[in-house]
Novice: 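Handing you a structure now.
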Amino acid sequence: MRALLSGYYGKGNGGDEALLATLLQMLPSHVTPVVLSGNPEETSDRYGVESHNRMSLTSVLPALRSCDALIWGGGSLIQDVTSSISPFYYGGLMALAQKMGLKTVAWAQGIGPLARPQTRWLAQQNFSGCTTVSVRDRVSAALLADWQIPYILAPDPVWALQAKPFPELANLPTPRIAVTLRNHPQLTTPRLANLTQALVDLQKSTQAFILLLPFQKSEDLAIAQAIQPQLKDVSEIVCIEDPQILKGVFRGVEMAIGMRLHSLIMAASEGCRCFALSYDPKINRLMEDLAIPGWDLANLPDNANVISKTWIDFYTNVQPLASEKITTLVEGAFMHRELLRKALGRIN
């Protein structure tokens, strides 16, 4: 059986690459993956899979015809806030696959926000036509329930991603604090200046070494480079392409401050304290589900001293998720694997 995997792959985003890596781990052994990617050569080399250009119609159509199933491979693919085009790309591909008679799986989806009536209608049509659906948060589940579409609700599959060690970490001082910030309109110049000063104060108080972790170079690296000069000799920018190694970094980190959803999931799953800076409802959902403290960027304190004192108190007094809770989340994430096994049963 051949399955076409569609997601935000090959775009240098550590979270989406982690979803792809987890999906590949969870696919049944009789299924051959074919991946649509923004960088098919890199995707083929990294994962050892057949890959095609996601934006080339002359590549996508033959790939669809050669496959028995299409899988929306995790994440917030169906939303119209950061991109009005994205839901039509993924929705159009799903509609075409359904018309061609492929099995269609919406896997580990975080649905919305859906601000436009036309994208909401398209999403409802897409999901209602799927062979099976799994979602990663309660808000998405409630939306499908309103549409009377059956679903499975389970933790984000990256909880279950197999981490690999990052050998170079042993050469960096301890304790360590990881920071993942991304470019976003809510991360204004004054807010970044306050966060940077708060990091300087946090570092001085804890004597921790600061790891600046760009999850997507095009969005994160410039911010890390802007921060590092203020933390000279007590920080390092660490760019990691392999999502399993990226997750493994957090095994040697005491605290993580993150805007990226999957930076927080990776950190929490590896037993690291997490503090969130939210720019998106999906971050707020995770904060609510796991009782992770943090701020919406729009409500970030305008005093660096308030930020640093909050972080210092958190670093000193708050414990990471209990190991029993982590185990429960990891085991729950494997429900996405069971869904794949049931949906992609062997064909004759």
Novice: Which of parallel (below 30°), tilted (30 to 60°) and perpendicular (above 60°) describes Trp295 and Trp311?
Specialist: tilted

Novice: Taking side chain as C-beta onward, heavy atoms only, is Asp156 less than 4.5 Å from Leu19?
Specialist: yes

Novice: Give the ring-plane orientation class for Phe314 versus Phe275, where under 30° counts as parallel, over 60° as perpendicular and anything between as tilted.
Specialist: perpendicular

Novice: Okay, side chain of Lys247, backbone of Val158: is any donor-acceptor separation there less than 3.5 Å?
Specialist: yes

Novice: Please evaluate residues Asp302 and Arg191 with respect to the criterion salt bridge (Lys or Arg N to Asp or Glu O under 4.0 Å), reporting the C-alpha separation (whole Å), side-chain torsions for both, the decisive distance (0.1 Å), and the verdict.
Specialist: CA-CA 7 Å; Asp302 58 7; Arg191 286 174 181 152; over 6 Å; no

Novice: Just wondering, do Tyr151 and Leu153 contact through their side chains at under 4.5 Å, heavy atoms?
Specialist: yes

Novice: Taking all atoms of both residues into account, what is the closest heavy-atom pair of Ile210 and Gln203, and its distance?
Specialist: CG1-CG, 4.0 Å

Novice: Any donor-acceptor pair under 3.5 Å linking the side chain of Ser51 with the backbone of Val35?
Specialist: yes

Novice: I'd like to know if the side chain of Ser128 and the backbone of Gln125 have a donor-acceptor N/O pair within less than 3.5 Å.
Specialist: yes

Novice: Evaluate the salt bridge (Lys or Arg N to Asp or Glu O under 4.0 Å) criterion for residues Arg138 and Asp289: first the C-alpha distance (whole Å), next the side-chain angles of each, then the deciding distance (0.1 Å), finally the verdict.
Specialist: CA-CA 9 Å; Arg138 290 177 286 108; Asp289 289 344; 2.6 Å; yes

Novice: If we count only N and O atoms by modelled type, under 3.5 Å, do the side chains of Arg285 and Ser278 hold a donor and an acceptor together?
Specialist: no

Novice: In sequence, state the C-alpha distance, the side-chain angles, and the governing distance for Leu27 and Thr32, and then conclude on side chain to side chain contact (heavy atoms under 4.5 Å, CB included).
Specialist: CA-CA 8 Å; Leu27 277 179; Thr32 299; over 6 Å; no

Novice: One thing to verify: whether Asp220 and Arg260 come together as a salt bridge, which I'm taking to mean a side-chain N less than 4.0 angstrom from a carboxylate O.
Specialist: yes

Novice: Could you state whether Leu231 and Leu187 fall into the same hydrophobic cluster, counting links through intermediate Ile, Leu, Val, Met, Phe, Trp or Tyr residues with side-chain heavy atoms under 4.5 angstrom apart?
Specialist: yes

Novice: So do the side chains of Glu331 and Trp159 get within less than 4.5 Å of each other, counting heavy atoms only?
Specialist: no

Novice: Quick one: does NZ or CZ of Arg54 land under 6.0 Å from the six-membered ring centre of Tyr9, within 45 degrees of the ring axis?
Specialist: no

Novice: Ser140 and Asp137: side-chain donor and acceptor closer than 3.5 Å?
Specialist: yes

Novice: Under a 3.5 Å distance rule, please check whether Glu17 uses its side chain to pair with a backbone N or O of Gly10 as donor and acceptor.
Specialist: yes

Novice: Dump the intermediate steps for side chain to side chain contact (heavy atoms under 4.5 Å, CB included) on Asn126 and Gln124, then the final yes or no.
Specialist: CA-CA 6 Å; Asn126 286 151; Gln124 184 175 2; over 6 Å; no

Novice: Flag this pair as yes if the NZ/CZ of Arg182 is under 6.0 angstrom from the six-membered ring centre of Phe215 and inside a 45 degree cone about the axis; otherwise no.
Specialist: no

Novice: Ring of Phe250, cation from Arg176 - is the NZ or CZ under 6.0 Å from the centre and inside 45° of the axis?
Specialist: no

Novice: Hydrogens and angles aside, do Asn284 and Glu288 bring a side-chain donor and acceptor to less than 3.5 Å of each other?
Specialist: no

Novice: Please determine which of His262, Lys217, Gln216 meets the side chain to side chain donor-acceptor pair (under 3.5 Å) test together with Asn13.
Specialist: Gln216

Novice: Can you give me the closest heavy-atom contact between Glu254 and Pro175, atom names plus distance?
Specialist: CG-CB, 3.6 Å

Novice: Is the backbone of Asn305 close enough, under 3.5 Å, to the side chain of Ser308 for a donor and an acceptor to pair up by distance?
Specialist: yes

Novice: For residues Glu338 and His336, is any side-chain donor paired with an opposing acceptor at under 3.5 Å?
Specialist: no

